[in-house]
Amino acid sequence: MSRLSIMNETKAQAAVESLHKDLERRITGAPPDLCPLDVASSYLKVCAAQTCGKCVPCRVGLPQLERLIDDLIDGKGDMKTVETIEKTAETISTSADCAIGYEAANMVLKGVKGFRDDYVAHAKGHQCTSEGFRAVPCVTLCPAHVDIPGYIALVNAGRYADAVRLIRKDNPFPSVCAMVCEHPCENKCRRRMVDDAINIRGLKLYAIDHSGHVPVYREGEKAAPATGKKVAIIGGGPSGISAAYYLGMMGHSVEIFEQRKRLGGMLRYGIPSYRLPREVLHEEIETLLTAGDIKVHKEVSVGGPDFPLSKLREQFDAVYIAIGAHTDKRLKIPGEDAKGVMSAVELLRSIGDEEFPDFKGKKVVVVGGGNVAMDCARSSLRLNADKVTLAYRRRKDDMTALAEEVEATEVEGCEILELAAPLKVEVGEDGKAKALWVKQQMISNIKGGRPAPKDASAEPIRIEADIIVVAIGQGIDSYNFEQSGIAVKWGCIEAFEDEKVKGEKMEGVFSGGDCVSGPATVIRAIAAGKVAAANIDEYLGFHHPITLPVEIPDPVPHNRPACGRVKMRERPIDQRIHDFELVEKGMTQEEMEQESNRCLRCDYYGFGKFREGREVKW
């Protein structure tokens, strides 16, 4: 017998590893509306299977937790069962030998605290609180609930204009979202169980590129008859325009009051044209304004002493506040007021107004780790900066920016300095910024799902800089509205789920988008506008349905072998960093056909068909 031997992976071990990967994909693609207790029970069974059997808390305790949770699911438990689950999990957490036991128990405790209402519902009413009726994962996770399988089927059939019409039923901005949406719809795409999520945004872009101009109404169609009701919308961004679009279709008279020179909000003043060309944005907005009786007033500030909110309330039957989040946040460090220090809002706003600053020969430092910081860094390169450095107080892996945006920022030539917290701005005798000093950080305990940074003992680092761009988030200019009597908390306007604002004597005033939620995504702002339109329509005494505009093709049965995801191509780096032209290239027809055929048509198969697959109206 050999004294030592090299272990080789057996066929069985290879198969188990393959199953682990299959399970990982299945978990990633799990439907978003599962019963939380079912999920907890299933994961606990996996954990129990991993136990070595050495310690009693793990060997005996985990199966006991399984049984207790299953009793609740089967309607056999009560509140005493919930209490026993909690106490048992706490005991295992503090007494198990290794992570197999105590982390399994911690997972149960996290569930008991995180979805306690579900535990209580099973214990007291023997029922689940999970809605369980949204059978199509991509539609469920899209904030606007766009009929994604439907428009993918239309794209596959070559009916590109119909695909655009179908998207507009729930999202008036198909062109915008084809270019800049963060595509949360892909997160739980059921295709992940097979290989990878469908490139939904890419297919939407293909429809936009090949549909030509698609008017709001086809020949013979028009808005609903005039209702005689007037609605004021404060803010001409994605949320305000979306609300105006639907309210116009419903027959209401709408007037938009926009503070700046042009409509678009953060679509224009927060997203550079290399991601969203200005001509595309302009054409889309102009099209949406033809939906009905919609008027626009630009360079008008509502809420101040010259134009108080009360004036609008006297003149209109309803008001929708959609002012977005356009104020900057400060670093609060010495030297921040020096010349050459600017906010991301300031930089991107000037670019949005086509007033391009000249950074030629200058060294630029951008502070932040979100999508806005990436936009500022990449824009600085296009403004001829000699060098661009991005300083972030956490790790690159912890950045809130989309992974593809971080990658693009790096490949275009920006240096990313991780674990670097701003300390002070070095100011020259002329009052101009000379450098940014950063305190080196080290990663520490996980808080709120991300490892928190803490000060390291290393010496501060000096980063030479002529321009310092602060991109650490945006705030909301809500002060005047608070003075008008609207409830405001932490700078955000407070509103109920139906978007009616909180506050005394605020009947008929609604609010939504970033000014309520805080800075979020384009599609969430659009969804808020859709919700506002529906609820304002109801408030005004109507119920105008927005209906399915096209017929959806039936799926063609065929084999669906595992297949790679088509990724979008981009212009060569050495070309694109010198201009603000669109970086991303659309799919070819061949790629579109392959990618659209990967769709599993969850609207038709399984529970999707049982529930008719789609909302035909709202």
Side-chain angles (χ1 to χ4, degrees), residues 136 138-152 154-155 160-187 189 197-211 213-214 216 236-246 263-288 291 322 324 371 375 402 404-405 512-514 517 519-531 533 546 549 568 582-587 592 595-596:
V136 185
C138 55
V139 177
T140 302
L141 289 181
C142 173
H145 300 310
V146 174
D147 186 353
I148 293 165
Y151 81 69
I152 288 178
L154 290 166
V155 171
Y160 310 122
D162 280 347
V164 172
R165 292 187 184 99
L166 181 58
I167 295 168
R168 279 193 191 144
K169 178 176 102 37
D170 301 288
N171 171 7
F173 285 95
S175 297
V176 166
C177 287
M179 296 178 179
V180 301
C181 186
E182 294 194 345
H183 45 81
C185 52
E186 296 182 11
N187 292 345
C189 175
I198 306 294
N199 191 337
I200 294 172
R201 186 176 67 82
L203 291 170
K204 186 186 300 173
L205 181 59
Y206 190 91
I208 295 300
D209 287 344
H210 294 81
S211 63
H213 176 68
V214 182
V216 173
S239 189
I241 294 175
S242 295
Y245 171 78
Y246 291 120
L263 294 177
M266 290 304 281
L267 297 177
R268 181 180 298 278
Y269 296 107
I271 301 176
S273 56
Y274 63 80
R275 290 179 58 206
L276 178 58
R278 293 295 170 260
E279 60 273 16
V280 173
L281 176 61
H282 177 75
E283 181 181 347
E284 185 132 80
I285 291 174
E286 289 301 308
T287 299
L288 299 182
N371 286 326
D375 285 338
L402 291 174
E404 54 260 40
E405 290 297 316
D514 288 3
S517 65
T521 60
V522 172
I523 189 62
R524 288 186 66 86
I526 291 168
K530 172 186 170 182
V531 170
I546 304 297
M568 309 297 282
L582 185 63
V583 167
E584 196 172 59
K585 291 184 175 182
M587 294 180 185
M592 176 277 289
E595 193 65 13
S596 57

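Note that this is a predicted model, so its numbers are computed, not measured.
At least one donor-acceptor pair under 3.5 Å links the side chain of Arg278 to the backbone N or O of Arg268. Under the 3.5 Å distance criterion, the side-chain polar atoms of Tyr151 are left unmatched by any main-chain donor or acceptor of Arg165. A side-chain donor-acceptor contact under 3.5 Å links Asn371 to the backbone of Leu402.
With contacts defined as side-chain heavy-atom distances shorter than 4.5 Å, the pair Glu405/Asp375 qualifies. Considering only heavy atoms from C-beta on, Met179 stays 4.5 Å or farther from Ile271 through its side chain. Between Tyr206 and Val155, the closest side-chain pair of non-hydrogen atoms falls below 4.5 Å. For the pair Tyr245 and Arg168, the minimum side-chain heavy-atom distance is below 4.5 Å. Taking the side chain as every heavy atom from C-beta outward, His213 and Thr287 approach each other to under 4.5 Å. Leu154 is not listed as a side-chain neighbour of Tyr160, based on a closest heavy-atom distance of 4.5 Å or more. Side-chain contact between Ile198 and Glu595 is present, with heavy atoms from C-beta onward closer than 4.5 Å. In this structure, Val139 and Pro149 have side chains that are in contact, with non-hydrogen atoms separated by less than 4.5 Å.
For residues 199-211, the set of pairs meeting the salt bridge (charged side-chain N to carboxylate O under 4.0 Å, His left out) definition, not counting sequence neighbours, comprises Arg201-Glu584.
Between Lys169 and Asp147 there is no salt bridge, since no side-chain N of the basic residue sits under 4.0 Å from a carboxylate O of the acidic one.
No side-chain donor from either of Thr521 and Glu182 sits under 3.5 Å from a side-chain acceptor of the other.
For the side chain to side chain contact (heavy atoms under 4.5 Å, CB included) test, residues two or more places apart in sequence or in another chain that qualify with Val531 are Glu499, Asn535.
Across all their heavy atoms, Leu288 and Pro172 have their closest contact at CD2-O, 3.2 Å.
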